[in-house]
Amino acid sequence: MRVLGTTGVRVSPLCLGAMMFGAWGNPDHDESVRILDRALDAGINFIDTADVYSSGESEEIVGKALAAGRRDHVVLATKAHGQMGDDVNEQGNSRRWIIRECENSLRRLGTDYIDLYQIHRPDPAVDIDETLGALTDLIRAGKIGYAGSSTFLPSQIVEAQWTAQRRGRERFVCEQPPYSILVRGVEAEVLPVCQRYGMGVIPWGPLSGGWLSGRYRKDGVPTSRRAERIPQRYDMSLPGNQAKLEAVEKLAQMADEAGLSLIHLALAFVISHPAVTSAIIGPRTMEHLESQLGAAEIVLTPDVLDKIDEIVPPGTNLNPPDRGYEPPALVDSSLRRRH
């Protein structure tokens with residue numbers, strides 16, 4: 001078990017991500033519950049989901065699984081920010097939405113408290129003090145235990161910490177960034193900043209959306225619902241995805257030489273970083289889960305880590321869209337041009 005930042009809460013080095021429970025992945029609720037039960041039986045005590053995963057269905061499945069008396073033994077995390085309805089205000093990081101959506105998540109999860117409530121993405125339209133104020137009220141009301149961020153830029157992480165200190169708000173105790181052998185951009189600033197502020201780190205995508213599962217090889221690239229939903233991370237016409245395929249070939253060979261599965265190599269790499277608390281795995285099937293269990297026991301040698309650095313240099317994102325969040329100044333040309 002590892003301590004989540006400075007909270008004193010102990011969590012397993014692998015966190016069960018529930019994004020694939022429901023319409024986005026596995027629509028069979030009973031099988032999803034069995035997967036969750038198996039993860040808990042294997043020693044995982046940390047579950048992460050989000051309101052937006054299958055429009056709330058994932059939270060409902062997690063609620064079903066925990067209803068049999070396991071809730072108090074699980075560190076339960078969920079997130080808010082994404083579009084959850086047709087109304088223009090059913091999204092974002094405003095006080096109005098966060099307070100309302102937290103109640104919705106509590107209902108779907110079938111619990112009266114959420115251990116870790118995370119802001120899924122930054123919202124440039126909202127002052128961070130507005131967001132932290134709402135989260136502070138939820139903490140003091142006992143609805144949530146802690147607040148965290150996900151896929152924030154380094155400057156946004158620092159701004160949130162300083163705002164909390166200056167305004168007397170509860171602070172973000174952890175960050176959930178994208179991190180894998182193929183997506184190493186956060187090594188430059190995000191991970192060191194989190195260490196500096198005593199924040200836990202629970203990376204999403206340690207298998208890089210399936211790229212490091214062993215299925216993506218030069219002799220065949222599979223299709224998937226995820227590839228249809230986020231084509232920029234899988235479109236083989238993009239140079240970044242071609243670079244990922246080249247790297248995967250070298251990593252797979254290296255894993256074989258080290259006597260490891262590519263999956264165990266990838267997960268062990270992420271949790272070997274001193275800033276990382278727990279890596280989020282997102283199995284869709286029981287087979288997926290079984291292939292990932294045991295990675296927490298793997299210790300990579302300096303020689304293996306050096307070889308990984310040669311294949312994908314530290315701080316490198318092979319495909320820029322994999323960073324999960326595009327800063328507004330890169331998306332909106334009007335923010336880069338004087339009028």
Answer yes or no: is there a side-chain heavy-atom contact under 4.5 Å between [X] and [Y]?
X      : Y      : answer
His264 : Gln292 : no
Arg171 : Leu132 : no
Leu300 : Leu260 : yes
Val173 : Val9   : no
Leu182 : Leu251 : yes
Val186 : Leu191 : yes
Ile181 : Ser208 : no
Phe21  : Asp28  : no

Practice prompt. Check step by step if salt bridge (charged side-chain N to carboxylate O under 4.0 Å, His left out) holds for Arg95 and Asp127.
Written response: CA-CA 10 Å; Arg95 162 180 287 274; Asp127 190 315; over 6 Å; no

Taking all non-hydrogen atoms of both residues, which atom of [X] and which atom of [Y] are closest, and how far apart?
X      : Y      : value
Pro203 : Ser278 : CD-O, 3.1 Å
Ala296 : Ile271 : CA-CD1, 3.6 Å
Gly200 : Thr277 : CA-OG1, 3.4 Å

Flag for [Y]-[X]: side-chain donor and acceptor within less than 3.5 Å:
X      : Y      : value
Glu187 : Tyr179 : yes
Asn26  : Glu31  : yes
Thr151 : Trp204 : yes
Asn319 : Asn241 : yes
Glu59  : Thr49  : no
Ser237 : Asp235 : yes
Gln118 : Ser150 : no
Asp256 : Gln253 : no

Worksheet item: Between Trp211 and Tyr234, what is the ring plane arrangement, given parallel below 30°, perpendicular above 60°, and tilted in between?
Response: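 Plane angle under 30°, so parallel.
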
Worksheet entry | Mutual orientation of the aromatic rings belonging to Tyr53 and His120 [parallel < 30°, tilted 30-60°, perpendicular > 60°] |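 Geometry flag for His120 against Tyr53: perpendicular rings.
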
Salt-bridge contact [X]-[Y] (side-chain N to carboxylate O under 4.0 Å):
X      : Y      : answer
Arg169 : Asp129 : yes
Arg108 : Glu57  : no
Asp30  : Arg34  : no

Discussion item. Which residue is it: Val75, Val11, Leu40? I am looking for the one with a side-chain contact (heavy atoms from CB on, under 4.5 Å) to Ile47.
Written reply: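 Single pass found, and it is Leu40.
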
Worksheet item: Looking at Leu289, Asp48, Leu207, which one forms a side-chain contact (heavy atoms from CB on, under 4.5 Å) with Ile281?
Response: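 Exactly one candidate clears the test, Leu289.
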
Worksheet item: Does any N or O in the side chain of Gln91 come within less than 3.5 Å of the main-chain N or O of Val88, such that one atom is a donor and the other an acceptor?
Response: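 Confirmed, Gln91 side chain pairs with Val88 backbone.
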
Item to complete: Output yes when a side-chain donor or acceptor of Ser105 lies under 3.5 Å from a complementary backbone atom of Asp51, and no otherwise.
Response: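 It does not hold such a pair.
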
Item to complete: Could you give me the CA-CA distance, side-chain angles and deciding distance for Arg70 and Asp37, then say whether side-chain contact (heavy atoms from CB on, under 4.5 Å) is met?
Response: CA-CA 9 Å; Arg70 308 192 82 159; Asp37 283 340; 3.5 Å; yes

Establish whether [X] and [Y] are linked, either directly or via other cluster members, by ILVMFWY side-chain heavy-atom contacts under 4.5 Å.
X      : Y      : answer
Ile119 : Trp162 : yes
Leu14  : Leu16  : yes
Val304 : Ile298 : yes
Tyr325 : Val201 : no
Leu135 : Tyr197 : yes

Fill in: Partners passing side chain to side chain contact (heavy atoms under 4.5 Å, CB included) against Lys143 (at least two apart in sequence or in another chain)
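Lys143 satisfies side chain to side chain contact (heavy atoms under 4.5 Å, CB included) with Cys102, Glu103, Leu106, Leu138, Ala141 once adjacent residues are dropped.
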
Fill in: Residue pair Met1, Asn45: steps toward the side-chain contact (heavy atoms from CB on, under 4.5 Å) verdict
CA-CA 9 Å; Met1 293 291 171; Asn45 77 333; 3.9 Å; yes

Discussion item. As a quick check of understanding, evaluate side-chain contact (heavy atoms from CB on, under 4.5 Å) for Arg100 and Glu90, giving each step before the final call.
Written reply: CA-CA 9 Å; Arg100 178 180 162 196; Glu90 292 180 312; 3.0 Å; yes

Discussion item. If you apply the rule salt bridge (charged side-chain N to carboxylate O under 4.0 Å, His left out), what do you find for Asp115 with Arg71, and how did you get there?
Written reply: CA-CA 11 Å; Asp115 293 295; Arg71 169 65 188 97; 3.1 Å; yes

Discussion item. The criterion is salt bridge (Lys or Arg N to Asp or Glu O under 4.0 Å); which residues satisfy it with Arg323, sequence neighbours excluded?
Written reply: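 Arg323 satisfies salt bridge (Lys or Arg N to Asp or Glu O under 4.0 Å) with Glu326 once adjacent residues are dropped.
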
Practice prompt. May I have the step-by-step check of ring pair (Phe, Tyr, Trp, His ring centres under 6.0 Å) for Tyr146 and Phe172, ending in yes or no?
Written response: CA-CA 7 Å; Tyr146 303 97; Phe172 289 140; over 10 Å; no

